[in-house]
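Structure first, then comments.
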Number of protein chains: 4
Amino acid sequence: MSGASERPLRADAARNRAKLLDAATEVFTTRGIGVPTEEIARAAGVGVGTLFRHFPTKEALLEAVMVRRLETITARTAELAAEAEPAEAFFACFRLIVEHSAGKQEFTRALAEAGVDVHASLRESTEQMRSQLTELLAAAQRDGAVRPEVGLPELIALLVGVGTATEQLAADPGARERIFDVVFAGLRPQ
Amino acid sequence: MSGASERPLRADAARNRAKLLDAATEVFTTRGIGVPTEEIARAAGVGVGTLFRHFPTKEALLEAVMVRRLETITARTAELAAEAEPAEAFFACFRLIVEHSAGKQEFTRALAEAGVDVHASLRESTEQMRSQLTELLAAAQRDGAVRPEVGLPELIALLVGVGTATEQLAADPGARERIFDVVFAGLRPQ
Amino acid sequence: MSGASERPLRADAARNRAKLLDAATEVFTTRGIGVPTEEIARAAGVGVGTLFRHFPTKEALLEAVMVRRLETITARTAELAAEAEPAEAFFACFRLIVEHSAGKQEFTRALAEAGVDVHASLRESTEQMRSQLTELLAAAQRDGAVRPEVGLPELIALLVGVGTATEQLAADPGARERIFDVVFAGLRPQ
Amino acid sequence: MSGASERPLRADAARNRAKLLDAATEVFTTRGIGVPTEEIARAAGVGVGTLFRHFPTKEALLEAVMVRRLETITARTAELAAEAEPAEAFFACFRLIVEHSAGKQEFTRALAEAGVDVHASLRESTEQMRSQLTELLAAAQRDGAVRPEVGLPELIALLVGVGTATEQLAADPGARERIFDVVFAGLRPQ
DNA sequence: GATGAATGAGAATTCATTCAT
DNA sequence: AATGAATGAATTCTCATTCAT
């Protein structure tokens, strides 16, 4: 489903690639993007050379991390959307996305700064998520579960904003829940 | 008003300090923290040496920028709080803070990473703002304008979150307004 | 006469710049272009940072070395050309250029590979030398001291070729002299 | 004819070795020595591992390329020398060697830098060529076709020099011809 | 005090060479 | 034997900070 145009990748290479992505995700989200590539390689248990063989630049690694994240989110969102009523689905997906988005902003910014207009491969995953969100939102609005004047841009901004807000409250699940309460209440037709 | 324990500072030195803070604020918020100190000095029209005479480390400059921001916000918040009814004051201050917080997160993160737990001098300004917010919130809740279960941590997280959300919508004031609508509606007792 | 558009350059900075150019000339010609910048800095008695402040890339350093060389040669050629009869001047300049060109090829190739078509600043110095050579050659041919069918490209190729040939014979001045004999004889009308 | 002391080498291995030498010759002469080994392997249609099985270091590959070149030249020189009169043979061989020496300098330099003083295996081929040249030169001098004061070192230096000169004129065969005219004229007794 | 040159510890990236498949 | 993934030392360049002018 995502870029199926490369050779199968030898078993060990695939394993290393995965280890690198895991390590990078972990390290980038907990310690920020500034972390030297060398540390990511160490965290993955491989040499720097291997890292750069798989991802030709640090930026490419960042991008790959984000793509994988977006794909996970997209897949789970699709499941959720299929299982539940529009209203329920909308709010469940909102939570899901927020919970899986930790640290995403910093990534996006870093990529954006790199000039390349939200890199091609990211664009694909991004586009997919946008269309899912468009549908979820429309259905929820049709159902009267969400204010009609809220558009896709506002929804995305809120997702990012709530992501940031809850990150601040990492230590207090109750408080985090109250953030959702507030925003969900605010999204309903008044 | 802040740390009045230094020598008076010669007129030109004071002017340079101000120019540096202005330049740093501008540059950090528009281009991120990664910008080399040399560029900030250039933007301020002084040499790097001067920058480092005033702020012993880049981090100290970051901190000073934030302190000044917080002081501005605190001052205006105090004015607003004095002029208006609790409910109105609360929401007006919320907007005010959000609008003055552009780029703040990145700063905070950078400082946090620097290890020193939210630097001493910042703590002072932070503390002041916290107590203002505590009062504003309590008054608004007493007035029945804000849900009683929302606490200070949630309020702060929402301020940061809405700041992030509106940053995403920099180009569309109407959409930004809708974010405030949603969150303010959600904050009111349901 | 060469790019007089920069600030005067502080005394110590100028000294360092000169030390760097001297060291680079020495190191590049004796040990080749592959030598790490760090070694050149060490040879010049400065830190790498200083090297890169003066020459933003290794390539720029290479270029500066060549420009300085060409300028020296051009200046001496002009003197020689003024002092002597066309025939004598032509052959004296030929020697001069050859003797000052040690290692030049490698430089040119490195720069050429860098893509930028024989960098702008080099072009200027190069152009100057070309026009000098054009005149010297024309005068010598008018005088009947050099075969009329030899053009500027051949002259330049011969200069480079004799440079290479004599480099091979660095240890044997007599043999080097014989190379000049052969080529000078071959250049005269037969 | 060269080092006949290795095992016979399986047919496919021999084919790979040849493909590697061809590719290396091509790539080194057109793009310089700096080209990564991996590209040479790719150009030869084999993996890097194979390259390193046949040539234990990059330097060894360089050496092998040169040896093969020298052997080709030596063989053709022998033919030419047998077919023609001394004078004619001398000048014909001079041309031959020059035309087959493209890029050789860079190789030699690279090998020389590698410390090992003109590697053992090269020495053998080199020695053979030296003795051929010695004979050709002596015969031509005996015939009165070449100045008597020119020795082997000068001849070699001239070969290298003319090689360099004609490389500069790659695009203009006429000019290249004039270089030969000049040098051949200069070599004749005056 | 102000200036900007000098410093050198990192950071990203490359590439010859080794080794598991 | 061949393959190409893995390795990590080496290289170019950056930038916070210091110091001579």
Side-chain angles (χ1 to χ4, degrees), chain A residues 7 9-17 20 34-42 44-61, chain B residues 9-13 16 34-42 45-61, chain C residues 7 9-17 20 34-42 44-61, chain D residues 9-13 16 34-42 45-61:
Chain A
R7 286 149 265 172
L9 210 53
R10 246 164 60 179
D12 54 346
R15 212 173 315 125
N16 277 338
R17 200 190 133 91
L20 279 163
V35 184
T37 45
E38 197 133 7
E39 296 215 6
I40 293 168
R42 183 162 35 255
V46 305
V48 238
T50 303
L51 189 158
F52 280 95
R53 168 178 272 269
H54 285 283
F55 308 97
T57 60
K58 191 186 191 180
E59 207 191 294
L61 175 58
Chain B
L9 213 52
R10 255 167 52 179
D12 57 342
N16 277 341
V35 184
T37 45
E38 195 128 10
E39 296 215 7
I40 293 169
R42 180 161 39 256
V46 305
V48 242
T50 305
L51 188 159
F52 278 93
R53 167 171 288 274
H54 285 285
F55 308 96
T57 62
K58 190 186 192 180
E59 210 190 291
L61 174 57
Chain C
R7 284 149 266 171
L9 211 54
R10 246 165 60 178
D12 55 345
R15 212 173 315 125
N16 276 339
R17 201 189 132 92
L20 279 164
V35 184
T37 45
E38 196 134 7
E39 296 215 6
I40 293 168
R42 181 161 38 255
V46 306
V48 237
T50 304
L51 189 158
F52 280 97
R53 168 177 272 268
H54 285 284
F55 308 97
T57 61
K58 190 185 190 180
E59 207 190 292
L61 175 58
Chain D
L9 213 52
R10 257 168 50 176
D12 57 342
N16 277 341
V35 185
T37 46
E38 195 127 10
E39 296 214 8
I40 294 168
R42 183 164 34 257
V46 306
V48 243
T50 304
L51 188 158
F52 278 93
R53 168 171 287 273
H54 285 284
F55 307 97
T57 62
K58 190 185 191 179
E59 208 189 290
L61 174 58

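So you know, we letter chains A, B, ... as the sequences are listed, proteins then strands, and number each from 1.
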Whole-Å distance between [N] [atom2] and [X] [atom1]?
X     : N      : atom1 : atom2 : answer
C:R42 : E:dA6  : CZ    : P     : 18 Å
B:L51 : F:dT18 : CG    : P     : 12 Å
A:F52 : F:dG4  : CZ    : C1'   : 20 Å
B:K58 : F:dT18 : NZ    : P     : 15 Å
B:I40 : E:dG4  : CD1   : P     : 16 Å
A:L61 : E:dA11 : CG    : C1'   : 15 Å
A:E39 : F:dG8  : CD    : C1'   : 16 Å
C:F55 : E:dA6  : CZ    : C1'   : 15 Å

When you measure from the side-chain N and O atoms of [X] to the phosphate of [N], is any distance below 4.0 Å, counting only OP1 and OP2?
X     : N      : answer
B:H54 : E:dG1  : no
D:R53 : F:dA1  : no
D:T50 : F:dT3  : yes
B:N16 : E:dG1  : no
B:T37 : F:dC15 : no

Looking at [X] and [Y], what are the two nearest heavy atoms and their distance?
X     : Y     : value
D:V35 : D:I40 : O-CD1, 4.4 Å
D:T57 : D:F52 : CA-CE2, 4.1 Å
A:L20 : A:F55 : CB-CE1, 4.0 Å

### Task
Please work out the stems of DNA chain E from pairs that are Watson-Crick or G-U wobble with both distances under 3.5 Å, keeping only runs of three or more consecutive pairs.
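DNA chain E stems, ordered by first number: E:2-21 with F:2-21.
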
#### Entry: Gap separating the NE2 atom of D:H54 from the CG atom of D:N16, nearest 0.5 angstrom
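Rounded to the nearest 0.5 Å, the NE2-CG separation comes out at 5.0 Å.
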
### Message
If I take atom CZ from residue D:R42 and atom OG1 from residue D:T37, how far apart are they, to the nearest 0.5 angstrom?
### Response
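Atom-to-atom, D:R42:CZ and D:T37:OG1 are 10.5 Å apart.
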
### Query
Looking at residues at least two apart in the chain, or sitting in another chain, which of them share a salt bridge (charged side-chain N to carboxylate O under 4.0 Å, His left out) with B:E39?
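Only B:R31 meet the salt bridge (charged side-chain N to carboxylate O under 4.0 Å, His left out) criterion with B:E39.
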
### Query
Are B:L61 and B:L51 close enough that some pair of their side-chain heavy atoms sits under 4.5 Å apart?
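Yes. Closest side-chain heavy atoms under 4.5 Å.
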
### Task
Report which part of the nucleic acid B:V48 touches: base, sugar-phosphate, or nothing (heavy-atom distance under 4.0 Å, all strands).
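Base contact.
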
### Message
Pick the closest DNA chain E nucleotide for B:G49 and for C:E38 by heavy atoms, then say which residue is nearer the 5' end.
### Response
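Nearest-nucleotide comparison on DNA chain E picks B:G49.
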
### Nearest-nucleotide comparison on DNA chain F, the residue closer to the 5′ end among C:V35 and D:G45
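Nearest-nucleotide comparison on DNA chain F picks D:G45.
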
